[in-house]
4 protein chains.
Amino acid sequence: MAPKSPEDFEKMRAESRSNILQSALKLFAEEGYDNTSISQIARDAGISKGLVYNYFDSKQELLEQVVHKGLKLMPEIFEASDRKIDSSTLPNMLERFRKSLKNDRLFWKFYAELLLQFLRNRELLQQFDMLFNEFIELFIECMRQQNVTNPEIEGRKLAAMLDGVSLHYMFDDDYPIDDIFDDIIKTYVPHASHE
Amino acid sequence: MAPKSPEDFEKMRAESRSNILQSALKLFAEEGYDNTSISQIARDAGISKGLVYNYFDSKQELLEQVVHKGLKLMPEIFEASDRKIDSSTLPNMLERFRKSLKNDRLFWKFYAELLLQFLRNRELLQQFDMLFNEFIELFIECMRQQNVTNPEIEGRKLAAMLDGVSLHYMFDDDYPIDDIFDDIIKTYVPHASHE
Amino acid sequence: MAPKSPEDFEKMRAESRSNILQSALKLFAEEGYDNTSISQIARDAGISKGLVYNYFDSKQELLEQVVHKGLKLMPEIFEASDRKIDSSTLPNMLERFRKSLKNDRLFWKFYAELLLQFLRNRELLQQFDMLFNEFIELFIECMRQQNVTNPEIEGRKLAAMLDGVSLHYMFDDDYPIDDIFDDIIKTYVPHASHE
Amino acid sequence: MAPKSPEDFEKMRAESRSNILQSALKLFAEEGYDNTSISQIARDAGISKGLVYNYFDSKQELLEQVVHKGLKLMPEIFEASDRKIDSSTLPNMLERFRKSLKNDRLFWKFYAELLLQFLRNRELLQQFDMLFNEFIELFIECMRQQNVTNPEIEGRKLAAMLDGVSLHYMFDDDYPIDDIFDDIIKTYVPHASHE
DNA sequence: CATGAATGAGAATTCATTCAT
DNA sequence: TATGAATGAATTCTCATTCAT
């Protein structure tokens with residue numbers, strides 16, 4: 001009844017949009033992109049099918065937006081807040097990653113799915129590539145900090161290992177994720193414990 | 001006049017079947033399972049749509065057969081021929097793996113795709129799970145051979161790293177795959193360096 | 001501007017659903033279940049193929065719904081309105097049946113078709129079986145009313161004869177349906193003649 | 001090895017043909033015409049799919065031949081061997097029919113299926129119509145023999161009842177077929193009892 | 001802004017029929 | 001005569017997308 005202000009509308013739009021993205025992320029992660037229909041997403045978001053198209057031009061664009069939103073979470077996990085890399089950066093990052101893996105299994109399943117989509121889809125690949133390289137660069141930088149002999153190689157190995165561990169963890173409910181992380185942290189951050 | 005002999009038929013069948021599996025592997029790997037239609041597979045194999053169903057009951061079964069065939073390659077890559085694990089097993093395996101990654105990129109792309117399919121599909125998961133665990137066990141056994149402190153953890157880390165490296169390599173055409181492998185071999189096979 | 005109200009949608013749905021059932025009944029009856037494609041039904045109903053699946057999960061379910069709707073007509077034909085069986089029940093029923101046979105030839109053709117489907121399809125058989133037995137029981141009850149020596153047998157004979165007459169009538173455009181019915185009524189309702 | 005004489009070939013042909021017809025009858029009766037594939041028939045007959053087309057031009061023609069062969073059995077059941085109709089014709093016929101119903105349930109199921117096919121298929125209808133009318137005429141003639149008041153009507157009623165009883169019997173494994181037949185025979189052949 | 005009915009292109013699957021041998 | 005591989009048209013069913021209200 002009360003006439004809504006432009007701001008109200010704006011807020012509603014943002015909220016609806018966010019709901020849709022939320023539902024899409026969940027369903028894409030659980031069922032896979034191809035096995036998720038717009039109807040399901042709409043139903044899950046509690047809105048009508050048609051309305052989805054009010055916010056996103058196509059299913060493909062919805063995917064891209066979900067990815068976009070998802071990738072923005074990555075830096076929060078991996079980047080040190082002060083952007084300065086020091087000896088605590090890597091252990092902090094690893095801890096945050098471990099925590100995220102355990103808490104946001106859904107997101108990481110989706111991330112795994114995306115890896116595959118990316119291998120095929122040029123549009124998505126570009127969005128992702130930059131971030132992906134930043135992420136590797138970050139590890140390389142950490143290695144450099146630690147004065148390892150070959151930071152480029154060591155950084156890539158660490159990145160690969162973490163991706164591999166994530167995959168295996170998603171596969172196997174009994175995966176000893178904590179043991180593995182404890183060990184990785186110990187290995188890659190040896191200075192942390194003694195001297 | 002002369003009716004075809006059973007051998008003739010057998011040969012035809014084997015050939016067609018093999019063609020179909022070949023095309024299916026290629027397309028599943030390149031486009032993904034869901035984005036590949038039976039029509040495409042048939043077209044690629046140079047046969048009619050209907051014939052595919054002469055050899056495979058369903059698209060799902062075709063996938064399973066492709067997987068089955070693919071998984072048979074794994075042991076050749078990872079297992080020591082004499083089944084005895086000694087100090088040369090791991091370097092041999094790693095070399096074979098490196099070579100396979102570079103030669104059979106298609107297969108490994110597909111393998112990556114499968115990881116995701118597996119996360120959802122119970123049928124496939126079972127076929128795969130055993131092999132997957134064997135593969136991890138193998139690395140653990142190698143670690144045990146080398147008297148590392150914690151073979152269980154070290155084996156899993158190595159397995160994860162190799163999966164991660166494979167993924168990254170598939171992503172990035174400039175990935176320094178040889179440097180990484182050289183390093184891994186050097187790290188995990190320290191004895192190799194000093195004679 | 002104004003969104004459609006739930007009532008509007010409800011009305012649209014009911015109408016479309018009814019159209020589809022109508023067309024399906026007609027075509028199943030005329031062509032047989034197996035010889036009728038969803039496309040034909042859609043075309044006949046003046047809608048798109050896909051819409052049929054908006055209302056019915058499968059062709060099989062469409063059949064079941066058509067049957068369900070059709071079977072609801074049966075009681076109107078065969079049951080005495082007051083549920084009490086007396087000497088007028090049978091002649092009334094026979095008259096209603098005669099009238100229905102002549103008016104609803106389509107339905108009865110379909111009913112005949114169904115008999116055959118039923119011989120194979122367990123799902124449908126159950127829906128039908130109850131009604132079928134009720135129908136025979138009804139005749140038996142009428143016979144009992146008339147104090148015939150062996151009402152069980154006589155009831156079944158009458159039921160069989162009516163099914164047979166229906167079939168023959170559907171076959172033969174010159175079938176003397178009225179003569180037959182007049183005779184049956186005279187035979188089975190002897191009291192009608194002498195008061 | 002021994003060169004086959006033309007007669008041998010002829011006999012083999014006849015035998016193969018008969019096998020196919022046998023299998024087709026069985027499968028059509030059990031599964032229905034539409035649900036039976038040529039492959040099934042060939043498999044059941046122990047020959048190749050292609051060979052079926054050596055004997056029959058099409059599935060439709062195979063159906064027609066099965067019908068043709070089947071209908072030839074009818075006279076054996078219904079006609080008095082000496083073609084003369086007397087007071088024993090009807091009871092004999094009814095006994096033969098009862099026996100056939102119980103022994104050849106498969107055939108009668110198929111006959112029921114055919115009734116429906118006939119209602120749609122002009123080709124088949126013609127083959128059948130003649131026989132169908134002969135069959136009714138036969139009953140009418142029997143009634144005439146018995147000096148019933150209205151042989152035309154009574155004959156048709158008997159024919160209808162027998163068709164109906166057959167259907168019901170096929171439906172219901174507990175159908176009291178013998179009681180019904182005993183009663184029919186007693187009713188329609190009253191003279192049989194008192195001399 | 002919101003709804004869900006309606007569309008239609010495309011996918012998997014079946015199967016009668018053909019054909020080379 | 002006999003085989004079964006191969007074809008392709010037809011069928012059921014799904015779902016992204018449009019549109020009238």
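Here is the naming used below: chain letters follow the sequence lines, and residue numbers restart at 1 for every chain.
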So which pairs with a foot in residues 38-61 of chain C pass ring-ring contact (aromatic ring centres under 6.0 Å, His included), sequence neighbours left out?
none
What is the distance from [atom1] of [X] to [atom2] of [N], rounded to the nearest Å?
{"X": "B:L62", "N": "E:dT13", "atom1": "CG", "atom2": "C1'", "value": "13 Å"}
{"X": "D:I41", "N": "E:dC15", "atom1": "CD1", "atom2": "C1'", "value": "12 Å"}
{"X": "B:F9", "N": "F:dG4", "atom1": "CZ", "atom2": "P", "value": "6 Å"}
{"X": "A:R43", "N": "E:dA5", "atom1": "CZ", "atom2": "P", "value": "12 Å"}
{"X": "B:K11", "N": "E:dA20", "atom1": "NZ", "atom2": "C1'", "value": "15 Å"}
{"X": "C:E10", "N": "E:dA5", "atom1": "CD", "atom2": "P", "value": "9 Å"}

Residues forming a side-chain contact (heavy atoms from CB on, under 4.5 Å) with D:S48, sequence neighbours excluded
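side-chain contact (heavy atoms from CB on, under 4.5 Å) check on D:S48 returns D:L51.
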Any residue meeting side-chain contact (heavy atoms from CB on, under 4.5 Å) with C:S18, in chain and number order, not counting sequence neighbours
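Not a single residue meets the side-chain contact (heavy atoms from CB on, under 4.5 Å) criterion with C:S18.
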In residues 14-29 of chain B, which residues come under 4.0 Å of DNA chain E by heavy atom?
none
Can you run down the salt bridge (Lys or Arg N to Asp or Glu O under 4.0 Å) pairs that involve residues 46-59 of chain C, sequence neighbours left out, and say none if there aren't any?
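Matches after skipping sequence neighbours: none remain.
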Counterpart residues, side-chain hydrogen bond (donor to acceptor under 3.5 Å, both in side chains), relative to [X] (two or more places apart):
{"X": "A:E15", "answer": "none"}
{"X": "C:R43", "answer": "none"}
{"X": "A:R17", "answer": "A:Q65"}

Does a nitrogen or oxygen in the side chain of B:R13 sit under 4.0 Å from OP1 or OP2 of F:dA5?
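Result: yes.
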OP1 or OP2 of F:dT1 under 4.0 Å from side-chain N/O of D:N54
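It does, given that an N or O in the side chain of D:N54 lies less than 4.0 Å from OP1 or OP2 of F:dT1.
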Test of understanding: with salt bridge (Lys or Arg N to Asp or Glu O under 4.0 Å), list the residues that count as partners of A:R105, not counting sequence neighbours.
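Expected list: A:D173.
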Using a 4.0 Å cut-off on protein heavy atoms (strictly under), produce a 5'-to-3' string for nucleotides 12-18 of chain F with B for base contact, S for backbone-only sugar-phosphate contact, and - for none.
SBB-SBB
Straight-line distance of D:I41 CD1 to D:T36 OG1, nearest 0.5 Å:
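The OG1 atom of D:T36 is 6.0 Å from CD1 of D:I41, to the nearest 0.5 Å.
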Calculate, to the nearest 0.5 Å, the distance between atoms CG and CZ belonging to C:D8 and C:R13 respectively.
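Between C:D8 CG and C:R13 CZ, I get 14.0 Å after rounding to 0.5 Å.
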May I have the list of side-chain donor-acceptor pairs in residues 20-32 of chain A shorter than 3.5 Å, sequence neighbours left out?
from  : atom 1 : to    : atom 2 : distance (Å)
A:S23 : OG     : A:N19 : O      : 3.3
A:S23 : OG     : A:D44 : OD1    : 2.7
A:S23 : OG     : A:A45 : N      : 3.4
A:K26 : NZ     : A:D44 : OD2    : 2.9

Regarding D:Y55, tell me which of base, sugar-phosphate or nothing describes its non-hydrogen contacts under 4.0 Å with the strands shown.
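It contacts sugar-phosphate atoms only.
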So that I can compare with my own list, what are the stems of DNA chain F, taken as at least three consecutive Watson-Crick or G-U pairs with distances under 3.5 Å?
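If one scans DNA chain F for consecutive Watson-Crick or G-U pairs, the stems found are E:2-21 with F:2-21.
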